[in-house]
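What follows is a short report on a single structure.
All chains are named by letter (A, B, ...) in the order of the sequence lines, taking the proteins before the strands, and each is independently numbered beginning at 1. The basis for the numbers below is simple: all heavy atoms, side chains too, and nothing from hydrogens, waters or symmetry mates.
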Amino acid sequence: MLQQTPVVRVQPVWEEWLRRWPEPSDLAREPAGEAVRAWGRLGYPRRALRLHAAAGAICADHGGNVPGTYAELLELPGVGSYTAAAVAAFAFGRRETVVDTNIRRVHARLFSGAALPSPALTAAEMRLAAESLPAGPGPSVRWNAAVMELGALVCTARSPKCRECPVSASCAWLAAGEPPPTYTPKGQSWHGTDRQVRGAVMAVLREAESPVAAELFRQPATDLGFEPAGIGIPLAALHRLNPAPEQLERALAGLLGDGLAELHPAGFRLPA
DNA sequence: GATCCGTGGAA
DNA sequence: TTTCCAAGGAT
């Protein structure tokens with residue numbers, strides 16, 4: 001849930017999730033669509049699908065217990081190098097090189113003198129992170145947590161709080177006179193994109209308690225002469241986007257291809 | 001390596 | 001209002 005999503009937004013969803021599914025086996029028993037529904041508006045709903053799949057893999061391959069080594073974790077759906085290292089370190093106390101966006105930024109400034117890390121994680125960065133990691137499980141776990149928190153709370157992307165930074169005296173970026181970023185990160189476009197249409201369709205499917213006829217996506221409900229039960233608001237939001245027919249078809253096909261939706265005789269629905 | 005994949009709060 | 005960007009991963 002924390003992948004590309006701030007802690008404050010994750011926390012309430014995470015608490016409800018663990019109340020409902022305290023063990024991997026509890027989640028694995030559910031249809032994938034229930035995981036997607038409970039995911040709510042966290043974004044990137046494929047993560048919900050993969051978390052559900054990971055629960056299944058944990059039950060099938062690990063007796064229902066989350067594995068504790070980097071290599072085993074990395075095999076799970078939706079778990080990449082960052083998540084595998086973070087879980088092994090923070091949940092199992094192992095010495096792992098954890099590199100998230102916060103740690104990358106701290107290292108870029110403190111060690112390399114750059115305002116921002118490069119767009120993609122490099123081998124040199126991993127080497128630098130591995131070299132700076134203290135020896136011993138306990139110190140390494142605390143180091144990972146400390147550098148991550150420093151990046152999240154003090155060494156922030158915009159307007160870092162250098163006056164509050166405990167290592168400002170040894171910061172290469174400050175010493176260099178706070179040079180600006182050498183590249184301009186281009187943000188993801190959103191308005192008018194397929195991604196926005198996918199999001200609007202998913203909002204409808206999450207609210208729907210029965211399959212949604214394809215015509216409801218393709219044509220405003222007012223033109224159909226009736227009010228669809230329960231999904232009027234997200235459906236109106238979708239039609240307000242006024243996606244081109246081709247774009248809507250692309251979004252629906254994409255969701256089907258990703259397994260986020262399935263086509264029932266009565267219409268589209270979350271995977272049951 | 002480049003792209004794609006959501007969402008909403010803050011600047 | 002627009003832009004930025006947040007505990008990334010898969011293809």
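- When only modelled atom types and interatomic distance are considered, A/Trp173 and A/Glu178 share no side-chain donor-acceptor pair under 3.5 Å.
- Note on A/Ala157: only backbone sugar-phosphate atoms sit closer than 4.0 angstrom, heavy atoms only; bases stay farther off.
- Rounded to whole Å, the separation between the P atoms of C/dA7 and B/dC5 comes to 23 Å.
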Base-contact (B) and sugar-phosphate-only (S) positions in nucleotides 5-11 of chain B, heavy-atom cut-off under 4.0 Å, - elsewhere: BBBBB--
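- Closest-nucleotide positions on DNA chain C for A/Asp100 and A/Pro77 were compared, and the one nearer the 5' end corresponds to A/Asp100.
- For B/dG8 and C/dG9, the P atoms lie 22 Å apart once the distance is rounded to whole Å.
- Judged by distance alone, the side chain of A/Arg50 and the main-chain N or O of A/Pro77 form no donor-acceptor pair under 3.5 Å.
- Using a 4.0 Å heavy-atom distance criterion, A/Val8 is classed as making no nucleic acid contact.
- Taking all atoms of both residues into account, the shortest heavy-atom contact from A/Val141 to A/Phe90 is O-CE2, 3.7 Å.
- At a threshold of 4.0 angstrom between heavy atoms, the contacts of A/Glu149 include nucleobase atoms, whether or not backbone atoms are also involved.
- Annotation: the span from A/Leu216 atom CG to A/Leu235 atom CG amounts to 5.5 Å, rounded to 0.5 Å.
- The residues A/Glu207 and A/Arg37 are annotated as not salt-bridged, no charged nitrogen and carboxylate oxygen being separated by less than 4.0 angstrom.
- In this structure, a donor-acceptor pair under 3.5 Å is present between the side chains of A/Glu72 and A/Thr69.
- A/Arg104 comes within 4.0 angstrom of nothing in the nucleic acid, heavy atoms only.
- Checked against side chain to side chain donor-acceptor pair (under 3.5 Å), A/Thr5 has the following partners two or more places apart in sequence or in another chain: A/Arg47.
- Rounding to the nearest 0.5 angstrom, the gap separating the CZ atom in A/Arg94 from the OG atom in A/Ser140 is 11.0 Å.
- Chain A approaches DNA chain C within less than 4.0 angstrom (heavy atoms of the protein), and the contacting nucleotides run 5' to 3' from C/dC4 to C/dA10.
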